[in-house]
Amino acid sequence: MQFHNSLTGRKEVFSPREPGRVQIYVCGVTVYDRCHIGHGRAYVVWDTLRRYLEWRGFGVQYVQNFTDIDDKIIQRANQEARPWQAVVEDNIQSYYADMALLNIKPATLYPRAMESVPEIKDFISALVDKGYAYAAAGDVYYAVRKFDSYGKLSGKKIADLEVGASERIVQEDLARKRDPLDFALWKGAKPGEPAWDSTFGSGRPGWHIECSAMIAQHMGETIDIHAGGEDLVFPHHENEIAQSEALHGHPLANLWMHNAFVQLNGEKMSKSLGNFITIHEIATKYHPLALRLLSLQSHYRTAINFTDESLAAAARSWKDIEQVIQFGYTQNFGASGEYVTAYVERFTEAMDNDLATPQGLAIIFELVKQLLPERNRLVHGGALMLDLATLAMLWRTLIYLLEPLGLVGTPAFALEPGQAFTENRIAPQEIAALISERRAAKQNKDYATADQIRQTLMGQGVVLVDSRDQTTSWHWQD
RNA sequence: GGCGGUGUAGCCAAGCGGUAAGGCAGGGGCCUGCAAAGCCUCCACCCCCAGUUCAAAUCUGGGCGCCGCCUCCA
């Protein structure tokens with residue numbers, strides 16, 4: 001099993017520190033707003049990593065934080081004229097709901113930064129004691145130049161950074177910092193903002209220190225995998241490394257993995273740019289697993305350009321998979337039994353190669369392509385081409401392979417997809433009446449009337465299927 | 001400007017030196033009163049130029065385009 005390590009820039013054989021056990025930490029969201037489809041892609045990717053490792057037999061500790069204090073949260077609370085805690089709580093609940101839509105397994109632990117303030121303060125004190133950090137007028141800064149390997153993750157050199165930093169420096173911060181590159185570990189309290197007491201004075205933690213402190217608190221000094229969005233490589237993850245490795249003297253994580261972004265019209269989608277579509281919004285129009293499928297159709301290190309066309313295509317593909325899944329359940333093919341090992345081997349080989357989900361999905365579609373026509377033959381009254389035992393084995397293999405991709409199971413849907421269309425459906429008795437009316441018309445060779453009835457029902461989402469034996473069956477369009 | 005990534009059909013995408021997987025969309029045919037479903041079938045000068053090689057989408061060199069990071073951001 002190989003994964004791409006951002007630290008070395010190449011694929012490496014994966015070997016956890018303890019055999020059979022993997023610790024993964026993923027940087028979570030700052031909870032001042034709802035999640036957009038970019039967040040969805042990111043967490044689908046890391047959930048798939050987690051599921052795949054579990055599928056391969058590892059025990060996985062998956063920890064993902066919430067940043068629950070920050071300038072934007074304070075700003076949002078002021079706008080909405082309510083406590084920052086309320087903004088945080090609402091958005092965390094929305095986060096859980098949105099992730100459930102995408103069939104993302106709950107993390108082992110969701111630590112919140114504000115629950116770890118004591119640990120954060122201790123961490124900062126220890127860095128000060130070791131000479132890596134210094135207090136300045138109520139703030140505490142990390143002295144970047146003290147950490148020799150600063151820049152090793154992002155490939156940046158201190159000399160290159162100086163230019164950028166000096167151009168954008170905020171004058172009042174510069175006055176306190178010994179060096180423009182230094183970053184805040186503790187921010188001195190400002191009037192009217194939430195603050196916590198500390199030996200450095202009243203204030204709140206900087207963003208980067210949260211993750212370092214919470215990883216140490218909940219997972220240990222070195223973990224197997226640290227993951228997050230590629231935008232976090234610099235400065236966030238670089239700073240985490242500087243903090244944790246300066247204090248502990250050994251690697252924070254052996255493997256660093258980063259997901260590429262979702263673009264909208266060729267441009268980065270982000271809260272800052274304001275060009276985002278929320279997961280919630282998508283789920284009212286499409287089955288949310290179509291979004292999961294779309295995310296997995298691209299490799300996690302490749303940008304996805306999100307368009308209506310690509311989502312619509314994914315929705316059609318998802319419908320095929322969904323129909324095949326349903327087919328097996330109605331046929332009672334059973335979840336246990338033999339698999340077609342050739343498919344399992346090819347799937348495993350693809351996924352072992354840096355989580356190559358597009359190739360994994362190609363194998364999924366090979367199975368779907370065999371099963372779907374059989375399902376359709378059955379629905380439309382034709383005879384099956386394959387025997388049931390073979391179909392059952394193919395179906396079981398499909399279900400088995402869909403599991404690590406998170407495309408099967410029972411997602412806790414907060415919204416019923418397509419609910420708007422199902423509420424006012426035509427009654428089956430009415431359909432039956434129209435079918436017999438149409439049969440009479442057909443017998444009289446009144447095809448105009450027959451076609452009109454077909455059209456009418458089609459408008460109601462009902463598809464009529466004529467069989468050779470003069471009978472007509474029907475099913476919902478979706 | 002520095003660092004990183006990427007460029008394969010209308011769209012997504014595989015490919016890791018041996019003559020272009022798979023999916024979506026689309027075209028044609030058989031079947032059908034019309035449909036649906038099924039079956040058959042069609043659909044790529046691999047960003048450009050120059051090398052290496054018997055052989056290159058794949059390797060080397062040089063261009064060009066797009067994206068990201070360098071500032072809060074998955």
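Labels below follow one simple rule: chain letters A, B, ... track the order of the sequence lines, proteins then strands, and each chain is numbered from 1.
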From B:A21, B:C11, B:A74, nucleotide with atom closest to A:His39 side chain: B:A74
Given B:C24, B:C11, B:G22, the nucleotide with the shortest approach to the side chain of A:Ser310: B:C11
A:Thr449 versus A:Asp446, side-chain donor and acceptor atoms under 3.5 Å: yes
Below 4.0 Å: OP1/OP2 of B:A13 and any side-chain N or O of A:Ser298: yes
A:Lys445 side chain near B:G33 phosphate (N/O to OP1/OP2, under 4.0 Å): no
Nearest-angstrom distance, P atom, B:U8 to B:A14: 10 Å
Distance below 4.0 Å between A:Arg316 side-chain N/O and B:G23 OP1 or OP2: no
Closest-nucleotide ordering on RNA chain B, the 5'-leading residue of A:Asn305 and A:Val233: A:Asn305
Given B:G10, B:A21, B:C24, the nucleotide with the shortest approach to the side chain of A:Ser317: B:C24
Check: B:G33 base within 3.5 Å donor-acceptor of A:Asp451 side chain: yes
Nearest to side-chain heavy atoms of A:Lys156, which nucleotide of B:A74, B:A21, B:C69: B:C69
Nearest-neighbour nucleotide for the A:Arg377 side chain, B:G38, B:C72, B:A74 considered: B:G38
Sugar-phosphate only, base, or nothing, as touched by A:Met385 at under 4.0 Å among non-hydrogen atoms: nothing
Interatomic distance where CD belongs to A:Glu366 and P belongs to B:C24 [whole Å]: 13 Å
Who pairs with B:A74 - Watson-Crick or G-U, where each distance is under 3.5 Å: none
A:Arg377 (side chain) donor-acceptor with A:Leu384 (main chain) under 3.5 angstrom: no
Residues A:His258 and A:His237: side-chain donor-acceptor under 3.5 angstrom: yes
Touch class at under 4.0 angstrom, heavy-atom based, for A:Glu230 against every strand present: sugar-phosphate
A:Tyr329-A:Gln331 side chain donor-acceptor pair, cut-off 3.5 Å: no
Listed nucleotide nearest any side-chain atom of A:Val465, set B:A35, B:A14, B:G38: B:A35
Euclidean distance for P, B:A74 against B:G5 (whole angstrom): 23 Å
Value in whole Å for how far the P atom of B:G22 lies from CZ of A:Phe347: 19 Å
Complementary nucleotide for B:U19 - Watson-Crick or wobble, under 3.5 Å: none
Complementary nucleotide for B:U6 - Watson-Crick or wobble, under 3.5 Å: B:G65
Complementary nucleotide of B:U53, counting Watson-Crick and G-U pairs under 3.5 Å: none
Sugar-phosphate, base or nothing in reach of A:Asn376, heavy atoms under 4.0 Å: sugar-phosphate
Selection from B:G15, B:A35, B:C70 that lies nearest to any side-chain heavy atom of A:Asp466: B:A35
Gap in Å between the two C1' atoms, one belonging to B:A57 and one to B:C49, rounded: 16 Å
Same-atom distance (P) from B:A25 to B:G62, integer angstrom: 43 Å
Is_stacked (A:Phe365, B:G23) at 5.5 Å, 30 deg: no
Sugar-phosphate only, base, or nothing, as touched by A:Ile363 at under 4.0 Å among non-hydrogen atoms: nothing
Candidates B:C24, B:G68, B:C72 - which lies nearest the side chain of A:Asp70: B:C72
Distance-only side-chain donor-acceptor flag, A:Asn5 / A:Glu12, under 3.5 Å: yes
Nearest-Å distance once atom P is located in both B:G61 and B:G27: 45 Å
Sugar-phosphate, base or nothing in reach of A:Val29, heavy atoms under 4.0 Å: sugar-phosphate
Sugar-phosphate, base or nothing in reach of A:Asp446, heavy atoms under 4.0 Å: nothing
Atom P, compared across B:C16 and B:G7: separation rounded to whole Å: 14 Å
Touch class at under 4.0 angstrom, heavy-atom based, for A:Gly28 against every strand present: sugar-phosphate
Assigned partner base of B:C39, Watson-Crick or wobble definition, under 3.5 Å: B:G29
N or O in side chain of A:Gln263 less than 4.0 angstrom from B:G68 OP1/OP2: no
First of A:Gln359 and A:Ser154 reached from the 5' end of RNA chain B, by closest nucleotide: A:Ser154
Distance-only donor-acceptor check, side chains A:Tyr141 and A:Asp139, under 3.5 Å: yes
Nearest-Å distance for atom pair CG/C1', residues A:Leu457 and B:C34: 15 Å
Whole angstrom value for the distance that separates C1' of B:C66 from CZ of A:Phe261: 17 Å
NZ or CZ of A:Arg50 within 45° of A:Tyr62 ring axis and under 6.0 Å: yes
Whole-Å distance separating the NZ atom of A:Lys187 from the C1' atom of B:C72: 8 Å
A:Arg454 side-chain N/O to B:A36 phosphate OP1/OP2 under 4.0 Å: no
Any donor-acceptor N or O pair under 3.5 Å, side chains A:Ser298, A:Arg41: no
Polar pair under 3.5 Å, donor/acceptor by atom type, side chain A:Arg438, base B:G33: yes
Assigned partner base of B:A44, Watson-Crick or wobble definition, under 3.5 Å: none
Spacing between A:Ile37 atom CD1 and B:A74 atom P, to the nearest angstrom: 15 Å
Sugar-phosphate, base or nothing in reach of A:Ser6, heavy atoms under 4.0 Å: nothing
Test item: side-chain donor near acceptor, A:Glu210 and A:Thr67, under 3.5 Å: yes
Sugar-phosphate only, base, or nothing, as touched by A:Ala313 at under 4.0 Å among non-hydrogen atoms: sugar-phosphate
B:A13 to B:G23 separation - C1' atoms, rounded to the nearest Å: 8 Å
Sugar-phosphate only, base, or nothing, as touched by A:Val262 at under 4.0 Å among non-hydrogen atoms: base
Any donor-acceptor N or O pair under 3.5 Å, side chains A:Lys11, A:Asn353: yes
Sugar-phosphate only, base, or nothing, as touched by A:Gly38 at under 4.0 Å among non-hydrogen atoms: base
From B:A74, B:A13, B:A36, nucleotide with atom closest to A:Val463 side chain: B:A36
Sugar-phosphate only, base, or nothing, as touched by A:His36 at under 4.0 Å among non-hydrogen atoms: base
Between B:C47 and B:G1 - C1' atom distance, rounded Å: 25 Å
